[in-house]
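Here is the structure we will look at, set down as structure tokens.
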Amino acid sequence: MNKLLLHGTLLFLSLAAVSCHTYDEREPVLPPTVEVAPNTLSGVITDMAGNPIQGVTVTLGNLTAQTDANGMYLFESVAQGSYDVKATANGMFDATTKVNFTGASSQNLLWSTALNKKVVQNLVVSQPSVIAKGDIESENIPNNEEGSVNIEVEVPANTVPANTTIYITPIYTEESAEVSRAAESTMLIGATLSCSDPNVTLSSPINLTFSLDGSVITSVTTKEYDAASDTWHNVAAEVDGTGNLVIKATKFTSYGIFLPVSVTKTTTSEPILFATSLFDNREGVSNMYVESAPFTYKTGMQIRSNAKNKLEGLLIEYLAREYGFKVTEVQGDYPLNVNLAVGQGISLNGAQAAEAIRVASGNTSVEGTRYGNVTVAVTTFSVDHNGGAGGEMN
């Protein structure tokens with residue numbers, strides 16, 4: 001009995017020694033390598049009512065993409081550089097911006113915007129000897145009635161020939177007027193006057209009236225566009241008895257209400273939620289392939305201000321045009337494409353920038369929060385080592 005016990009003990013010690021010898025001589029398990037994710041640009045395009053627009057053509061340099069039923073577009077694998085971006089849709093004014101892909105880390109930039117409709121009011125002057133009047137309301141986002149401006153045209157008697165049609169089109173930016181930008185100030189509202197007969201000249205000025213109030217009148221500059229020089233020039237305006245602004249339009253062109261506008265931005269961050277943030281194969285029995293890590297982020301802007309006057313209303317409209325006004329939750333996928341060997345793992349965490357934007361003209365300001373700049377940090381590890389990798393989604 002004692003001999004059998006001793007033999008068994010020696011056999012156990014022998015096996016243990018072999019096992020320890022194998023562990024000491026095995027190759028160390030290194031952390032996996034995660035490739036840098038490619039650059040992307042994405043966002044959501046809506047109308048001024050907040051409805052997503054399908055079929056918007058978005059151009060990024062010489063690349064194009066179309067929005068889907070949710071108003072979403074995506075450019076993948078964008079090369080480093082600076083680009084002009086434009087959103088174009090039938091019956092809508094274009095929106096434009098600039099983006100820059102720079103640095104060694106991956107960038108996935110976000111740009112969302114709201115497009116204004118192209119609406120034209122026809123004013124037919126059938127009897128030249130009679131004063132003709134017509135008006136049109138500018139577009140505004142929901143719950144911002146102060147951002148709407150009534151634009152009235154009054155054609156004095158004997159100003160244009162019989163059966164002449166005058167077209168009145170509200171415009172919202174210099175780009176929507178399809179003319180040059182007035183760098184020293186910002187257009188908040190305007191109108192283009194055009195004629196059914198391009199050869200018609202005005203024998204007397206047309207009264208172009210914008211329904212504003214004292215909040216705008218005190219600091220406004222009125223301008224008309226000169227096509228010959230491709231520049232904006234100051235033009236005189238009068239304030240009528242009800243506080244409206246009246247421009248004496250002497251030709252068919254674009255007219256705008258300009259104010260100096262300043263924009264300040266303060267960035268904080270919010271965490272983003274991954275469907276799975278940890279892929280741990282340290283104690284696995286076979287390789288684990290991880291294609292991507294789904295997560296949820298936001299795009300668009302939440303405007304916090306409620307307008308009490310026309311200036312606040314117009315500044316809110318400016319915010320909506322520049323950054324959108326509807327916050328949309330989007331499902332993203334951070335690409336990993338990594339095959340985790342036994343003993344390897346990766347973890348992810350991320351945060352999204354919440355950019356507080358304040359737009360001011362004089363002592364009046366409005367505020368909102370724009371969502372963008374999603375930063376994803378990827379940490380790689382193994383049973384023997386720890387490492388790290390990361391990427392950004394701006």
Side-chain angles (χ1 to χ4, degrees), residues 41-60 64-75 84-97 99 109-122 135-151 167-178 186-192 254 256-257 297-307 310 312-331 357 359 366 368-372:
L41 174 70
S42 62
V44 174
I45 311 297
T46 71
D47 61 20
M48 298 303 286
N51 303 310
I53 310 174
Q54 184 174 8
V56 177
T57 299
V58 183
T59 58
L60 173 71
T64 62
Q66 301 287 319
T67 57
D68 61 17
N70 298 312
M72 185 82 182
Y73 70 92
L74 172 65
F75 291 95
D84 292 319
V85 184
K86 178 185 287 189
T88 304
N90 290 333
M92 314 292 284
F93 286 114
D94 297 346
T96 61
T97 192
V99 296
L109 307 184
L110 299 177
W111 178 59
S112 296
T113 190
L115 303 183
N116 283 106
K117 293 178 181 178
K118 290 181 180 178
V119 181
V120 180
Q121 177 66 44
N122 298 343
D135 71 309
I136 189 170
E137 200 80 14
S138 70
E139 194 175 18
N140 60 283
I141 65 173
N143 303 314
N144 185 38
E145 295 306 317
E146 291 291 352
S148 177
V149 176
N150 183 264
I151 303 169
Y167 306 110
I168 314 161
T169 306
I171 55 176
Y172 306 92
T173 65
E174 293 94 319
E175 287 84 1
S176 65
E178 300 180 355
T186 300
M187 179 196 289
L188 294 184
I189 191 65
T192 296
S254 295
I257 308 299
Y297 66 99
K298 299 175 182 177
T299 185
M301 184 166 195
Q302 181 179 18
I303 297 176
R304 298 191 298 273
S305 302
N306 293 315
K310 286 294 182 185
E312 289 182 357
L314 291 173
L315 291 176
I316 287 174
E317 295 297 313
Y318 172 84
L319 267 181
R321 289 191 299 269
E322 290 292 315
Y323 307 105
F325 68 94
K326 183 179 181 180
V327 176
T328 303
E329 284 198 347
V330 181
Q331 298 299 314
I357 300 179
V359 175
V366 299
T369 299
R370 172 185 175 268
Y371 292 95

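Keep in mind that the numbers below use all heavy atoms, side chains included, and drop hydrogens, waters and symmetry copies.
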Is there a donor-acceptor pair closer than 3.5 Å between any side-chain N or O of [X] and the backbone N or O of [Y]?
X	Y	answer
E146	L314	no
T67	I53	yes
S112	V44	yes
K298	V327	no
T59	V85	no
K118	I171	no
S138	V149	yes

Closest non-hydrogen atom pair, M48 against A320: CE-CB, 4.2 Å

So which heavy atom on A95 is nearest to which on W111, and how close? O-CH2, 3.7 Å

Quick one: are [X] and [Y] in side-chain contact, heavy atoms under 4.5 Å?
X	Y	answer
T113	T97	no
Q66	V58	no
Y167	N122	yes
L188	E317	no
V56	Y73	no
E145	N140	yes
F93	T169	yes
L110	Y297	yes

Working note: V366 + I303, criterion side-chain contact (heavy atoms from CB on, under 4.5 Å); need CA distance, chi angles, decisive distance, verdict. CA-CA 8 Å; V366 299; I303 297 176; 5.7 Å; no

Euclidean distance, [Y] [atom2] relative to [X] [atom1], rounded to 0.5 Å:
X	Y	atom1	atom2	value
N51	T46	CG	OG1	7.5 Å
I168	I136	CD1	CD1	7.0 Å
L41	L109	CG	CG	6.0 Å
I141	F325	CD1	CZ	5.5 Å

Under the salt bridge (Lys or Arg N to Asp or Glu O under 4.0 Å) test, which residues partner E139, sequence neighbours left out? none

With side-chain contact (heavy atoms from CB on, under 4.5 Å) as the criterion, how do Q121 and D135 come out once you've worked through the C-alpha distance, each side chain's angles and the decisive distance to 0.1 Å? CA-CA 7 Å; Q121 177 66 44; D135 71 309; over 6 Å; no

Should we say atom CG of N150 is surrounded by more than 12 heavy atoms from elsewhere, each under 6.0 Å from it? yes

